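This report concerns only the one structure given below.
Along the sequence shown, residues carry numbers from 1. Indexing begins at 1, ligand by ligand and atom by atom, following the structure's order. No experiment lies behind these values; they were computed from the predicted model shown.
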Amino acid sequence: MSPDDLDPQETREWREALDAVVAIDGRERGAFILARVLEQAQRAGVTARLPLTTDFVNTIRVEDEPAFPGDEWMEKRIRRIVRWNAMAMVARANKSFAGLGGHISTYASSAALYEVGFNHFFRGKDGEGESGDQVFFQGHASPGIYSRAYLEGRLTLDQLEHFRRESRGKGLSSYPHPRLMADFWEFPTVSMGLGPLTSIYQARFNRYLHARGIKDTSASRVWAFVGDGETDEPETLGSLSLAAREGLDNLTWVVNCNLQRLDGPVRGNGKIVQELEAVFRGAGWNVVKLIWGRGWDPLLAADADGLLVQRMNEIVDGQFQKYTTSGGDFIRQDFFGKHPKLLKMVEDLSDEQVKKLRRGGHDTQKIYAALKRAVDHRGQPTVILAHTVKGWSLGETFEASNATHQMKKLNEKELLAFRDALEMPLTDAQAMEAPFHHPGPKSDEVAYLMERRRALGGSLPRRKMKPALRLEVPGEAVFAEFAEGTKSGEGVSTTMAFVRLLGKLLRDKSLGQRVVPIIPDEARTFGMDPLFRQVGIYSSKGQLYEPVDKSMLLYYREAKDGQVLEEGITEAGSMGSFTAAGTAHATHGQPMVPFYIFYSMFGFQRVGDLAWAFGDARGRGFLMGATAGRTTLNGEGLQHEDGHSHVLASQVPNVRCYDPAFAYEIAAIVEDGLHRMLEKDEDVFYYVTLQNENYVMAPQPQGAREGVIKGLYAFRKAEKRLKHHVQLFGSGSIMVQVLAAAERLQQFGVSCDIWGAPSYQLLRNDALACERWNRHHPEKAPRVPYLLQALSGVTGPFIAASDWVKAWPDMISRWVPGRYVVLGTDGYGMSDTRPELRRHFEVDSESIVVAALDALRLEGRMAGADVAKAMATLGYDPEKRDPMSV
Ligand SMILES: Cc1ncc(C[n+]2csc(CCOP(=O)(O)OP(=O)(O)O)c2C)c(N)n1
Ligand SMILES: [Mg+2]
């Protein structure tokens with residue numbers, strides 16, 4: 001009885017009334033009546049505190065559990081072999097090569113969850129549609145996934161022996177890395193939070209493909225296995241509401257609630273399952289708690305006055321962890337001993353039996369029920385909160401110890417105990433070597449699991465290397481006009497040029513349908529709002545309202561088959577869509593061409609790890625960093641003005657970075673990218689920056705295209721050489737400053753050749769590749785970097801200016817054949833006009849002139865006094881503040 005209960009008799013009557021309804025008319029009727037009563041209460045101004053959590057017991061009642069359709073004993077035997085081999089993989093690797101690492105305890109906690117999935121739910125790619133299910137495996141559980149593939153005959157013993165030894169090309173990667181195992185892993189997951197986030201957008205993208213008539217994905221389910229510690233990451237939980245809003249019942253998450261992360265308990269003083277239940281339910285997910293194994297069923301059935309449930313509710317996770325490491329006597333005394341009635345409940349059980357009362361995540365029957373409930377549920381995504389033990393059954397030192405995550409080896413005693421627990425057919429001497437075990441391809445176990453996989457559409461994970469479908473790159477009609485430049489002499493920005501190109505690509509008969517424009521609530525900023533009307537915004541609900549701008553030509557049009565993914569303000573979520581679209585060629589055999597257009601500052605700096613994972617996933621597509629350039633986006637100030645994303649991006653090995661100045665560069669880059677991705681099957685992606693300064697788009701110089709793609713081309717040679725001569729490199733909107741500087745330099749007797757330098761990164765990569773080849777082939781004629789070929793016979797000094805930090809042009813300094821001076825926008829941005837900012841960062845035409853004159857001075861061709869005089873003439877203050885000091 002609660003102390004604030006004024007009338008216990010009345011309270012009891014209400015409760016009994018509900019019990020009676022449920023007993024006679026069933027639970028659904030009970031829920032209906034309760035909902036009506038709550039409605040009435042709200043209208044009467046009674047604010048009932050509705051709990052978002054339920055008791056710490058299984059959501060699925062015993063009587064609602066479906067019959068387990070498999071052979072439990074057989075599956076147990078399979079699971080035991082898989083578990084043994086997973087342990088052996090890590091233990092053997094670390095015995096032979098200390099420090100290789102690997103994890104045993106994560107998979108030990110989730111083996112049964114995966115195995116029920118493999119035997120009964122996960123669909124492979126051999127079935128209809130060839131997409132199968134998309135399964136995001138918890139990265140640290142990889143040894144278990146390899147182990148199963150070994151039983152299935154997909155991996156050899158030699159590969160297992162090379163776990164984490166891959167540099168010679170045959171090993172197994174530490175975690176799910178498609179980059180390293182291109183025909184095996186599909187989804188990189190191990191950077192905590194990225195897998196869960198991406199899985200939501202994968203499920204949504206499956207719907208998008210379906211709605212747009214590109215592929216029937218209705219049979220595909222996305223599964224994501226998530227660590228409970230992993231839910232600390234904001235990326236993990238950050239997009240839950242999208243999944244609910246979109247009604248993604250094709251999505252199931254299994255959170256492996258082993259109550260521990262790396263250092264210790266996830267919520268020692270609380271209950272992670274209960275906390276997550278509230279979060280997921282609040283976000284609109286269907287929550288299935290999988291807490292207790294069947295051993296608890298009779299005890300819960302006997303718990304007439306709810307004392308056992310109350311005890312389950314009140315014990316915090318740290319204490320549950322303690323129970324795992326304790327004997328049955330301690331559990332009896334600490335857990336059941338709280339109340340004589342509870343003690344009585346377990347009086348017929350031995351300490352051993354008390355100790356063996358399992359958690360739900362280790363009980364195949366309960367797991368099957370939970371997974372089936374998820375698959376059958378309609379209208380909402382489902383999360384299964386599975387209560388497990390970290391390091392389950394690996395023995396005392398592993399099970400639930402705080403250090404378990406990092407433990408790599410079992411000692412001999414532990415190996416023997418684990419052998420006994422799993423009933424492995426190994427002698428003591430054998431077991432102590434932790435050998436891999438295979439029961440043979442004709443064994444009952446293998447026959448059983450192969451039959452299961454055949455019935456479910458083949459093995460997984462499996463990544464398809466080549467898309468079944470080939471797309472053609474559009475021809476001349478799309479790209480040619482950009483080579484002509486702006487005829488009217490009117491100013492245009494590179495952003496506008498790109499938007500025009502995108503519009504044309506969208507209209508292309510063959511490719512148009514495959515283009516996926518992704519925008520995080522900035523379409524208007526980039527002048528892309530015409531797309532809303534042209535191709536529509538994807539919305540699973542269509543448009544349920546009359547848009548306020550309906551009378552206008554370019555109204556905000558949402559449609560079920562809309563093409564634009566308008567993500568709202570989530571750069572991370574947009575990367576999720578970019579990833580799903582950019583990997584659709586492998587996942588679904590359907591090549592798609594995503595263009596994700598974003599504020600460049602909020603790209604690699606903010607979601608760099610997702611870009612890295614995209615590279616790992618072998619994604620293909622175009623990242624378009626708009627409003628780029630520290631001085632070109634002038635008014636927005638410090639947090640918006642990006643002058644460094646090219647340096648960040650250029651470190652992702654297969655990103656091709658470009659800072660184009662003119663429309664023809666953009667057209668050449670995009671066309672080349674499409675060729676690589678669609679025709680040459682290269683797993684590359686692009687980072688192209690776009691700027692919002694209007695200027696005349698020059699026509700493409702004769703023969704420049706190849707140089708544009710390689711990163712450097714002759715834009716304009718000096719008409720006549722003056723007393724002095726310099727070479728100027730320019731890119732992006734600073735090219736305009738370079739052109740102006742060339743004019744100004746004439747008055748100081750200096751003529752210039754002007755070069756377009758859209759990619760210092762690619763020039764550098766090429767030069768490094770040549771250097772390396774030459775080092776390895778000392779007897780062969782050396783390869784000459786493209787940069788040196790392009791600059792052959794050209795003498796310096798060379799002056800490079802861009803809207804990026806100096807490290808960007810500095811990437812090639814080692815190879816430039818002469819004095820090389822770089823100008824750039826190092827330092828925090830600030831708000832001002834473009835001319836003022838460019839002077840501040842020393843990338844305006846006057847600064848370029850000063851740098852050129854000074855380079856001539858350093859070459860001994862001009863006197864210091866002349867340079868100083870020139871500065872005075874130019875109104876350039878040599879004592880101005882250093883932008884790095886701000
Ligand atoms: C972004 C990121 N931060 C840190 C890590 C290092 N790390 C790897 S596993 C782990 C603990 C994982 O705990 P949990 O998610 O609960 O997984 P489980 O208990 O099932 O192993 C941590 C911190 C990581 N992989 N990614
Ligand atoms: Mg955990």
| Any idea which residues sit under 4.0 Å from ligand 1, heavy-atom distances? |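 Near ligand 1, by chain and number: Thr106, Gln138, His140, Val190, Ser191, Met192, Gly227, Asp228, Gly229, Glu230, Glu233, Asn256, Asn258, Gln260, Arg261, Leu262, Lys390, His405.
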| Which N, O or S atom name in Asp228 marks its closest approach to the Mg ion (ligand 2)? |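 It is OD1, the N, O or S atom of Asp228 closest to the Mg ion (ligand 2).
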Given the ring of [Y], does [X] sit roughly above its face, with NZ or CZ under 6.0 Å from the centre of the six-membered ring and within 45° of the axis?
| X | Y | value |
| --- | --- | --- |
| Arg311 | Phe335 | yes |
| Lys271 | Phe320 | no |
| Lys289 | Phe56 | no |

| Of all the atoms in Asn258, is at least one N, O or S atom closer to the Mg ion (ligand 2) than 2.8 Å? |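 Yes, Asn258 qualifies, because one of its backbone or side-chain N, O or S atoms lies under 2.8 Å.
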| task | Verify the distance test for Gln260 against the Mg ion (ligand 2): any N/O/S atom under 2.8 Å, yes or no. | result |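 Yes, since at least one N, O or S atom of Gln260 sits under 2.8 Å from the Mg ion (ligand 2).
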| request: Evaluate the ring planes of His103 and His405, with Trp represented by its six-membered ring, and classify them as parallel (under 30°), tilted (30 to 60°) or perpendicular (over 60°). | output: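 Tilted: the ring planes of His103 and His405 meet at 30° to 60°.
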| How are the rings of Phe602 and Tyr599 set to each other: parallel, tilted or perpendicular (split at 30° and 60°)? |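 Answer is tilted, since the angle falls between 30° and 60°.
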| Going by atom types alone, do Arg123 and Ser220 pair a side-chain donor with an acceptor below 3.5 Å? |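 There is no such pair between these side chains.
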| query | Any ion pair linking Arg148 and Glu152 (charged N to carboxylate O, less than 4.0 Å)? | reply |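 Counted as a salt bridge, because a side-chain N and a carboxylate O are separated by less than 4.0 Å.
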